[in-house]
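What follows is one structure encoded as structure tokens, with my remarks underneath.
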Amino acid sequence: MSKVNVEDVLDSIESWTVLDLNKLVKGIEEKFGVSAAAMAPVAVAASGGAGGQEAAVEAKTTFDVILAEVGANKIQVIKELRAVTSLGLKEAKDLVDSAPKPVKAGASKEEAQTIKQKLEAVGAKVELK
């Protein structure tokens, strides 16, 4: 059996559809008795195309904080937004008025959780992506 170049394999599957990648993962799971959960990062990285591996790693370390809904306490949400960001009053009000909207992009897990907790404490609904 000839030696397989991993880069060649990755280049080959770069253009595959999600369905094709799913079939590959299931086939590997059945043939080698491995868990699909252990293979999931491989499928995500491969489906991302060029730079997909970096995106998969980044998704684990940075998060985007999204203000999904303001809730009943609009003024409190604006105050809290100003406290957790460097936004002025007008910018914070505009962000609240145009929800769903990103509050902070590329935040660390801890920072994203802190912002989420503070905004949810005043009645907003927040998503981490």
Item to check | Distance (rounded to the nearest 0.5 Å) between Asp64 CG and Leu128 CG | outcome: 9.0 Å
Item to check | Minimum side-chain heavy-atom gap Ile66-Pro102 below 4.5 Å | outcome: yes
Item to check | All side-chain contact (heavy atoms from CB on, under 4.5 Å) counterparts of Ser12, not counting sequence neighbours | outcome: Trp16
Item to check | salt bridge (charged side-chain N to carboxylate O under 4.0 Å, His left out) against Asp94, all qualifying residues, sequence neighbours excluded | outcome: Lys90
Checklist outcome for this item: Residues at least two apart in sequence or cross-chain that pass side-chain contact (heavy atoms from CB on, under 4.5 Å) with Asp8, listed by chain then number, are Asn5
Checklist entry - Salt bridge between Glu127 and Lys129, side-chain N to carboxylate O under 4.0 Å? => result yes
Checklist entry - For the residue pair Arg82 and Ala92, what are the closest heavy atoms and their distance? => result CG-CB, 3.6 Å
Checklist entry - Listed by chain and number, what are the side-chain contact (heavy atoms from CB on, under 4.5 Å) partners of Glu111, not counting sequence neighbours? => result Lys104, Ala107, Ser108, Ile115
Please table the atom pairs, donor to acceptor, closer than 3.5 Å between any side-chain atom in residues 67-77 and protein atoms at least two apart or in another chain.
{"residue": "Asn73", "atom": "ND2", "partner": "Val122", "partner atom": "O", "Å": "3.2"}
{"residue": "Lys74", "atom": "NZ", "partner": "Asp97", "partner atom": "OD1", "Å": "2.6"}

Item to check | side-chain hydrogen bond (donor to acceptor under 3.5 Å, both in side chains) involving Thr17 - partner list, sequence neighbours excluded | outcome: Asp20
Next on the checklist: So, using salt bridge (charged side-chain N to carboxylate O under 4.0 Å, His left out) as the criterion, who are the partners of Glu91 when residues are at least two apart?
Outcome noted: none
Checklist entry - Rounded to the nearest 0.5 Å, what separation is found between the NZ atom of Lys23 and the CD1 atom of Ile28? => result 14.5 Å
Next on the checklist: Checking Thr114 now: which residues fulfil side-chain contact (heavy atoms from CB on, under 4.5 Å) with it, not counting sequence neighbours?
Outcome noted: Lys118
Next on the checklist: I need the Leu81 CG to Leu119 CG distance, nearest 0.5 Å.
Outcome noted: 5.0 Å
